[in-house]
Structure formats: structure tokens, C-alpha cells
Amino acid sequence: MRYDFRTVEPKWQKRWEEAKVFEAKTGKDKKKYYALVEFPYPSGAGMHVGHIKAYSGLEVLSRKRRMEGYNVLFPIGFDAFGLPTENYAIKTGMHPRAVTDKNIEKFTQQLKRVGFSFDWSRVIDTTDEDYYRWTQWIFLKMFENGLVFRDTALVNYCPSCRVVLSNEDSQGGKCDICHSDVIQKSKTVWYLRITAYAEKLLKGLDEVDYLPNIRQQQINWIGKSQGAFVNFGLTGIDEKLRIYTTRPDTLFGVTFMVIAPEHPILDKYRDRIKNFDQVESYREACARKTEFERTQLVKDKTGVRIDGISAINPVSGKEIPVFIADYVMMGYGTGAIMAVPAHDGRDYDFAKKFGLDIVEVIKGGDISREAYTEDGEMVNSGFLNGLTNKKDSIAKMVAYLEEKGIGEGGVQYKMKDWAFNRQRYWGEPIPIVHCPHCGMVPVPYEELPLRLPKVENFEPGEDGQSPLAKVDSFVNCKCPKCGGDAKRETDTMPQWAGSSWYFLRYCDPHNDKAFADPEKIKYWMPVDWYNGGMEHVTRHLIYSRFWHHFLYDIGEVSTPEPYAKRTYQGLILGSDGEKMSKSRGNVVDPLDIVKDYGADTLRVYVMFMGDYGSAAPWNDSSVKGCRRFLERVFALKDIMTEGPVKELESGIHKAIKKVSSDIEEMKFNTAIACLMTLINDIGKVGKIGKEQLIIFLKLLSPFAPHITEEIYEQIGGEGFLTVSEWPEYDEAKTVDETVAIGVQINGKARASVDIPTGCAKEEAFALAKANEKVASYLAGKTLVKEIYVPNKIINFVVK
RNA sequence: GCGGGUAUGGCGGAAUUGGCAGACGCGCUAGAUUCAGGUUCUAGUGGGGGCAACUUCGUGGAGGUUCAAGUCCUCUUACCCGCACCA
């Protein structure tokens, strides 16, 4: 009889749900295990096979942990605020609330149909008032602690989405949502002072177990650099031009200065700048360029010399020209640099173009041809001359600068403060009131949640204004401090707000007194293992670590780091090897696979298709192979015997060992391959003992829970297999009595000989030499060397 | 430019970390079952040579270390990912 997954799978899903086997219990009697997967954005398209792969890794682990006797928290929820829903609402006229509810319902049905062992009693939805109330609460705590500020500055702005974007959301100069070019626009925006946590976010990486490239990407994103600030005197102006450099030791080689087109000193001293018209038109030309044009396309240097202001090199005393050029960015360092053309490629190009002096201060290169950026002996550098070690010369120069009061050592980070507002409807309202008398006043905690008002029109204003600005009843309010007339902030929080702390809410999702009970946080946190996509490493992962560090600093959570371990899964590509996309028409709908082959087949295939961390293309035929495997598993009960089958003993113990360790190392593909090999062996033997079959079912159960549970019931198993005890192996039984050992002659494999496992050297050599084939190779030769690696190889070197 | 990674049959991928390369699955070939499609079963399947036992070559490329290299070292090529005029 063929296995009828269409009735069996829903049957067990229903029984598990009724028995609440996947509900996490908070209690000290057992060890806890918190496995976290990134909660989905409930898009209208429904689930993608990528979701299946993303969740299957820790799904398998969580099921194993339950069988190992842990209290397991394996939750799921929905990160539902965001632009796609809002845009869909604008297009269809449906309210975002209704769209979200519909999509969540669809996702829930789909996730349940695949049989994921999520704790459905703890589902969260970031757009739920009872949830975003606490997102606002944490925001206010940050406000209270000086981590929230407003500033008018050049910001990343997407003209198509009509929103301000954070640095993280505009990587590569493209909008993260619609992929159109981001422009720089001067706007007043809200910031979270994430840079105040740069050092903690960097140091914290030492305390956690992240896969190396995740760790590295975080380090690069934070982008710490060590250097010095130097204040350059300006001619005729009683103000210093402050710069940041990583190479203060090259100060004697500074022959000009460059400041960013947006540098404030320009407007401040416009009267003194004789060619201000020229400066102004250059600035306008720069402003028109997109970030992409400015940083990616135009690599040849442009700029304008400021006529009327010069700088003084503080170590050489020489007067040097000052330029504005767009290769210097206002957003990094101080927006001004000292140019050392001899030892910096960009400064070199600029100097060549504008015919400026190039002074060598480090020996070793040929500065008539190109900038020399390597180490070498210091020359033309006064008190630094003769030093050959970069570290020494930098230290000596910094000491000099500090002594003379010209500058000081310092650090810079590439990471920028987090632009924390969107001019859109479908997000958490920022709980701040603007009062003409009191300024920015927080909404009192007891008035949270500050609810989104009902509106008819979700279109943002032409001038980048939030749709909420049109709702008078929302905007006009009383100041919580003085009671006078005031106006509410109408921007909402960015998409990443709700996901910055959701893992804490899972610990205690229905609490209406706190975002979670401290005791429960203490029990469950930190997350023991977090798996997600690589694309979130420089966004969500940074943001949520920041929020958690902050909550730790104000005593709300028990550890600084939220995630003890972080891994990622690789993409599933289309069968054409390209990224799945609607336009390519290579998208696989997981529910189609469930319908045709069953959830277990889908689950096994997704885990078997390749290395978990790598991208692998979908292959319809290979899905059938997994289906065949499960059919063969189902047929095992037909050859079941009461007593154990001796020939299978070592194979089963080896499988327990391998499957157990492979799951821990995320080598799911080889774990399944091992079970396939085992079933091939069982087929050859032609029978399997009942207890042995149960072990097999337990090992397969995390991958294919439905079919294994069904077989278990059919052969008279008691209770749920899903929460039965994980099998243990006996090391002694994983070893066979004899081992086939390879025999090489001069490094070439010539024969395979069966010898007793772990047998002594002399005996092994004797047995090998007794082999007819080996003997023929040794005949008439001189044996120079004999190598024996127990249970692995014998190598005879002959002449 | 900087940082990280990958390269193994027709395809996805294994290889106990220096020890018989190609586990496992797909695909393919032949045979059996079937009216047929599908399914299932059996055998085979890295390339070249040979009826065969066997032989030879083989892990992107070139060197090297070693009794032994997919694995270690040096150089090199191609591709992928992230960041990027970061001072």
C-alpha cells in the first residue's frame, strides 16, 4: 500500500496541535533552548520555498532538542509593518489592516500545512496595538536616555517611495524597497544614536558565536578606524579647519586641503571667498548628482579652489591651498581632509589634475608615477625622519600634536546614526508631541499605545509628508507637559523597529504590564541559536543588537547580547540556476510541492538538496527521489521482525552518531544521505528489528515528522514519536569487527584487504602481503618503507 | 580598491580534516514488471584503452612539501557575495 500523505499529514498536525506538544513551557525543571528564525514579512504572494529552507534548519534542531528533553521555545510571528502592504492598500483601496490580516491568515495556514513545530500560542504581529505599544515604549526610553535626536541634514531620500532611508536601507545608492536611485536631500529627520553603541556592538562580537563571515560583515559595517584629528589654522580667519586622518605621520607631506561641498565653513565665510559664485555652482552640480553617480560612476576628480582662504600646515608652517571637491564626503570624519598626494591615490589624482605639489615623506615608491601607499622610511618629515615603523611614527606625531595642542588621537566609524522615520502611514506612530512652548515632549507612558488613526487616503504628500499630517484629529493635541495646543509628530517608525526586539516578546507575548516579565526574559534569553538570511546582517542584526544593548544598559534585560549563536541559510535558486523571481518565471510554490508530494517530501528535499549555507538550484526530479526514499521508509514495517537484526547493529549505531552530530553542525544533507545509505543496507539484509526500526524513525522524525509518526503508530508505538526520547549510540557498537583497508604500492591503490579492526602493525602487514595482488606487486622488488595507519591505509614503498 | 567565499562526473553535492576521490540523490543505459504513460524492481554508470582480468589519466591552472594532497605551501585564473572616493 502506498503512503497516503494527503490524509496522514493533516491527521498528525491536528493531533499535535490538540496535544499542545510544541507549546513552550517556562520552568526550571528542564534545561531551556531558545531557537529563533527570522519572522516573515507577510506578503500577499504567500510563502516562498526560501521560507521553508530558512525555517527548516532550526525546525529540525528544535525537534531534536525536544526529544533530548529540553524546554524548547521555537516561536513564529509576523513583521507586518512596511511599504509593500501600504502600496497594495493604495492600489486596491483596501485598508492595510485588512490586507495584513488576510496575509497573516494565509501564511499561518501555509506554515501549519508544512508541519513546522512552532509554538502557535505565542504568535506575535508587530502591527498589533498590544505589540507596538511596547515598540513605542522602548523608543521613549531611548528618548529619555538621549539616544533620540532630530537633525536637519542631508539624508538618503527615495523619490519613488517618497521616504527618507537609513544608511542601511540605501546600500549601493539604491532604495532597498524599489531599487531606484537614492538622492541626497536636506530634511529634518529623527535619528537613533546607534553610533554611541558602535564600540559595544564591536566588542560584543567577541562574546558570541557567529559564523565568521557574519562577524566580519558586522565589523566592516561598523568600520572602526584609528587615527587622529588635526586642527589646521586658516589665513585671516579665527577658526580652525578640523580634519580626520588615519595617517597623521604623513603630515609633513600635506600640500593642500579638501573640504566637502556641504561643509558649513563655506556659508559661514562666504564674504571672504572671492570666487563664491564658482563655489556655489560647483555645489549645485554636486547636489544634482545621485549618490550612485557621485560614488560609483565618476571617479575622476573635480573641484574648485577656494580663493580667499588658505590653510597653514601646522608642522611645516607652509601656507597651502584649500579646495572643495566631492570626493570628500560630509558624512564621514569631519567633512574635511588633509591631502597627502604622495601617499594617497585620490589625493594624487587630484594633485595631478590641478598641478599641485607632491612631497614624498615615505621612501620606497616612485611618486612621479603613482602614489606610494606602503610602509617605508620617513623622509622630509622633520622629527620623524629615519623612522621605519608606521606605528612608531604615528605615535610620535600624535604625541607631538597633543603636546602642541594642534590635535589628538581619535577613532571614527563608518556606521552612521540611524535615520529613524518614514513619511508613511503603515508604521508605528512616533510618540512625540511638538509643543510651541516646551519643544519635543514625549507622550506619557500610560497613554501608550499611540494608535494609528483611521484614514481613507494612504498616499504620502508630494513634498515627502506623512499621510498622517492630513489627519487633523491626530495632529492637533494638547501638550502633555503644559496642556497648551500642540501638534503630534506625524512620521512613523521605519520597518526595522518592530523586529528590533521581537525575540523578547516571544518570552512573554501576552503581558500587558511590561514588554515581557523580567523573570521570563531571564529564563529564556539569550537566544541560543538564531538563523536567518545573510541580507539582514548589516541591518536587522545590527539594529536589534543595538536595542538589546540599550535595554541591558537600562536594566531591562539580563544579557548585553541577544543572540548566542547566529548562522544563515543559502538561497534556493530557480531550476535555471538564477535567483527566483516572478519576472523570470522560475518561482516554485512550496504548497504545490506539498499538494503533489506531501510536506515531508518537501522538507526532506529542501534539507537534502545541498549544503545548508550555500545557494542551490531547485530540481523537480530530485524531489521525486526524496519521495521515493519516504515510500521505501513506509515499506520498512513490512519486513519488520520482533528481535533485533544483528547485521544492522553497527550501521544503526553509526547512523545515530552521524545524524546526531550532523544536525548540530547544520550538515542536514549528509544526515539524510546517511539514512538513505542505511535503508539501502536494510534492503540488502531484507529485515529489520522493531526496536531498530523505531530508532530509524526517531532519526528521521525531525526531517519527516508525519510519516514517521504514522509508521510508529502502525507498529504499535506508544505516545508521540515526536516527543519520544532521542536515541543514544554505543561507541563500541559503531565499530565493525573487520575493516576493509586500502593497500597502496608506492602511493597507488592496488588492493583492499579485510583485516580485524584496530589490529597490530605486524599482523596488518602480514595480512596485506598475503593478498595475491599485493604479493604480485611486491615480487622482485625491495621494500623500502612500510606505512600503516590503523583502520585506514597501508602503503608499501618499493624500489 | 578593501573584506569574505567558491571551483570536485551530465547535474545537486560527499570525502571521518593529510589516508582507497566521486558517499547519497538526480539523470542516463540495459533488463524485468505493465496494454500503455506513470510506478516499482535488478544491474551498470568519472574520462581514455581493452572481449576481459586489467591498465592509464583524473578534484580550475602551474609549481612544491610528503610514503601519501581535493585537503598543506607558493604563484595563477575564473566566478560569486558584501563594502566602497571611508581620508
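This structure is a prediction, so every number in the text was calculated from the model and none was measured. Note: hydrogens, waters and symmetry copies are ignored here, and every other heavy atom, side chains too, is used. To find a chain, count down the sequence lines: A is the first, B the second, and so on, and within it residues start at 1.
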**Prompt:** How is A:Tyr777 classified with respect to the nucleic acid when contacts are heavy atoms under 4.0 Å: base, sugar-phosphate, or nothing?
**Reply:** sugar-phosphate
**Request:** Of all the heavy-atom pairs spanning A:Asn313 and A:Leu251, show the shortest one and how long it is.
**Result:** ND2-O, 3.0 Å
**Asked** Taking syn as any angle within 90 degrees of 0 and anti as the rest, which one fits B:rG64?
**Response** anti
**Message:** Using modelled atom types and a 3.5 Å cut-off, is there a donor and acceptor pairing between side-chain atoms of A:Lys769 and backbone atoms of A:Ala775?
**Reply:** no
**Message:** Check the phosphate of B:rC86 against A:Lys414, side-chain N and O only, distance under 4.0 Å to OP1 or OP2. Yes or no?
**Reply:** no
Could you list, one pair per line, each protein nitrogen or oxygen that sits under 3.5 Å from a nitrogen or oxygen of nucleotides 20-25 of chain B, together with the distance?
| from | atom 1 | to | atom 2 | distance (Å) |
| --- | --- | --- | --- | --- |
| B:rC20 | N4 | A:Ala740 | O | 2.5 |
| B:rG25 | OP1 | A:Asn680 | ND2 | 3.4 |

**Asked** Is it true that A:Arg215 and A:Asp209 have a side-chain N and a carboxylate O under 4.0 angstrom from each other?
**Response** no
**Message:** Please classify the nucleic acid contact of A:Asp344 as base, sugar-phosphate, or nothing, using heavy-atom distances under 4.0 Å.
**Reply:** nothing
Just distance, no hydrogens or angles: give the donor-acceptor pairs under 3.5 Å from side chains in residues 567-575 of chain A, sequence neighbours left out.
| from | atom 1 | to | atom 2 | distance (Å) |
| --- | --- | --- | --- | --- |
| A:Thr567 | OG1 | A:Trp529 | NE1 | 2.9 |
| A:Thr567 | OG1 | A:Asn531 | OD1 | 2.7 |
| A:Tyr568 | OH | A:Asn213 | ND2 | 3.0 |
| A:Gln569 | OE1 | A:Asn531 | ND2 | 2.8 |

**Asked** When we call it a touch if two heavy atoms are under 4.0 Å apart, what does A:Lys748 touch: a base, just sugar-phosphate, or nothing?
**Response** sugar-phosphate
**Item:** Ion pair A:Glu38/A:Arg566, N-O distance below 4.0 Å
**Value:** yes
**Item:** Contact under 4.0 Å: A:Tyr332 side-chain N or O vs B:rA87 OP1/OP2
**Value:** yes
**Complete:** Scanning both residues in full, the closest heavy-atom pair of A:Asp736 with A:Lys654 reads OD2-NZ, 2.7 Å
**Complete:** In Watson-Crick or G-U wobble terms, with both distances under 3.5 Å, the base opposite B:rA15 is none
**Request:** Scan every strand shown for a Watson-Crick or G-U wobble partner of B:rU59, both distances under 3.5 Å, and answer none if you come up empty.
**Result:** none
**Asked** Where do A:Ala371 and A:Pro341 come nearest, in terms of heavy atoms and distance?
**Response** CB-O, 3.8 Å
**Message:** Quick check for you: among B:rG4, B:rC85, B:rA14, whose closest atom lies nearest to any side-chain atom of A:Tyr327?
**Reply:** B:rC85
**Request:** With heavy atoms under 4.0 Å as the rule, sort A:Lys667 into base, sugar-phosphate or nothing.
**Result:** sugar-phosphate
**Message:** Using a 4.0 Å heavy-atom cut-off, does A:Val797 contact any base of the nucleic acid, only the sugar-phosphate backbone, or nothing at all?
**Reply:** sugar-phosphate
**Message:** If the glycosidic angle sits within 90 degrees of zero it is syn, else anti. Tell me which applies to B:rU17.
**Reply:** syn
**Item:** Watson-Crick or G-U wobble mate for B:rG3, both contacts under 3.5 Å
**Value:** B:rC81
